[in-house]
Protein chains: 2
Amino acid sequence: MAAKRSGARIKRPQRISERLQPVQQPHSEPPLSRERIVATAVELLDAQGLDGLTMRRLADRLGSGVMSLYWHVNNKEDVFDLALDSVLEYRGQPQIVESQDWRGEVGHMLENWRACMLRHPWSASLLPRRALGPNMLSRLELLSKILSRAGVADADLNVAIWSLWNYVMGATITRASFDLSDDDRAAAQQRLARLSERYPTIERSRLLLDNDWDGAFRKGLDLLLDGLAPR
Amino acid sequence: MAAKRSGARIKRPQRISERLQPVQQPHSEPPLSRERIVATAVELLDAQGLDGLTMRRLADRLGSGVMSLYWHVNNKEDVFDLALDSVLEYRGQPQIVESQDWRGEVGHMLENWRACMLRHPWSASLLPRRALGPNMLSRLELLSKILSRAGVADADLNVAIWSLWNYVMGATITRASFDLSDDDRAAAQQRLARLSERYPTIERSRLLLDNDWDGAFRKGLDLLLDGLAPR
DNA sequence: ACCTGAACACCGTTCAAGT
DNA sequence: ACCTGAACACCGTTCAAGT
């Protein structure tokens, strides 16, 4: 352990060898910063999942001591909040053109939102449990604006937004979870086959193996948008 | 500790004193069993939330040593799976009457499913991450049967089921999470007010304070059922 | 068959201290 | 202003052992 630590520390005195052969030194890290911490946390979450994020592992990856993190960040919850929101950025059209295509705009934003979360499968299940960060609020603001401009009455606006939120979140959380465990899914369907006398219908339709998630998502979304469309 | 243990054990020999003065002994626990472990785990989860469930705390509540649990249960994951499924039991009509009211039946099961999860707010966010237990599979089987009998084509069945699943899960997870943190919600809306120049629309509609969750749920569900109904 | 404590390899965070 | 190690109060689980 002492050996490992001193190994990490020689980076300073070794200046000469650095000069002669720019060693690609893995531990010549830039100084700690909130941004670097968040970016690394996202990497770690992508690689190891929700349970894989540990203050100790995070510090390791950053080449710093554990407690150094706490200068830039309040606690682990904070790291989760920041990592989550950082993954939800949206660059839609900056100024909404007065387009007639509100359905297209809503669809685009929601599909993009879903895609962001699927790219970081830990994010979807985290989102409902945490306070909404600025990027998520921006998305809701945009959604709200589009729907309002499309003619949805103020009184119906919140219901519409939450219905869409509910649907997107449910679809994405489910898809992300099922995706994480392909083997489990096969195992589940096999278990089902063994119990086929108890669950004949879903066994026959191979419910647990059906994986046209994108199609199902789009279909359900269309139904909702049909219903929410101002008449 | 030895005292506690022997206290738990005298339950058998003590028949006489039980007769004369049914001591209400707090630690005269019945023997450990899978059922008792699961029931106590649910209690603990209800009281302390997902992070509150600890093998050590669970054992404490059961008046046993931690490692005793591992005789009845493989590991903590197992406890989660069992607690979750135990909370999802459904007693619909045992044999589906050949009713015309498929919408009513579907609605009833889904509302009940949601109610079960809201009664145990930890359960909703847990469900998508875990293998489906027998009670959940029964619900899906029933849903599948009703829809199929109502005339939904086999090819559309899985899409219909997953759309409903997505919606119910999203709505329930969101509601359960927001419910857990009333203060946070108010704080969020206040934070929003401070930033009202950035999020004018959702600030004005008080999106984060709108809490007709049940109404919104029903409305979105109706839209989906409208769309899924066989023509 | 059922239960146990000691021990191991981890956690997040407080604190007092270093530069 | 920024970083640190030691220490504390926890975790889940292995193991070898008890009855």
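Basis for what follows: all heavy atoms, side chains included, without hydrogens, waters or symmetry-related copies.
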Is there a donor-acceptor contact under 3.5 Å from the side chain of B/T172 to the main chain of B/M169? no
From CG of A/L58 across to C1' of D/dC3 the rounded distance in Å is 15 Å
| request: Please work out whether the ring planes of A/F217 and A/Y167 are parallel, tilted or perpendicular, with thresholds of 30° and 60°. | output: parallel
To the nearest angstrom, the CG-P distance between B/D60 and D/dG12 comes to 12 Å
Checking N1-N3 plus N6-O4 or O6-N4 for Watson-Crick, or N1-O2 and O6-N3 for wobble, each under 3.5 Å, the partner of D/dG18 is C/dC2
message: Is a donor from one side chain sitting under 3.5 angstrom from an acceptor on the other, for B/W162 and A/D212?
response: no
Q: Determine, for A/E141 against A/R139, whether the closest basic-nitrogen to carboxylate-oxygen distance falls under 4.0 angstrom.
A: no
Note to self: OP1 or OP2 of D/dA1 versus the side-chain N and O atoms of A/H72: is any pair under 4.0 Å?
What the structure shows: no
Atom CG of B/L69 and atom C1' of C/dG5 are separated, to the nearest Å, by 14 Å
When you measure from the side-chain N and O atoms of A/T54 to the phosphate of C/dC11, is any distance below 4.0 Å, counting only OP1 and OP2? yes
As its Watson-Crick or G-U partner within any shown strand, both distances under 3.5 Å, C/dA7 has D/dT13
| request: Run the salt-bridge test on B/R198 and B/E203 with the 4.0 Å N-O cut-off and return the result as yes or no. | output: no
In whole angstroms, the gap separating P of C/dG12 from CG of A/L44 amounts to 11 Å
Tightest non-hydrogen contact, residues A/R61 and A/A47, listed as NH2-CB, 4.0 Å
- Query: Is there a side-chain contact between A/V42 and A/S86 (heavy atoms, below 4.5 Å)?
  - Reply: yes
In whole angstroms, the gap separating P of D/dC11 from CD of B/Q48 amounts to 10 Å
From CH2 of B/W71 across to P of D/dG12 the rounded distance in Å is 21 Å
Taking only N/O atoms, report every protein-nucleotides 13-15 of chain C pair under 3.5 Å with atom names and distance.
residue : atom : partner : partner atom : Å
C/dT13  : OP2  : A/Y70   : OH           : 2.6
C/dT13  : OP2  : A/K76   : N            : 3.0

Which whole number of Å gives the distance between the C1' atom of C/dC11 and that of D/dC8?
12 Å
query = Taking only side-chain nitrogens and oxygens of A/R57, does any of them come within less than 4.0 Å of OP1 or OP2 of C/dC10?
reply = no
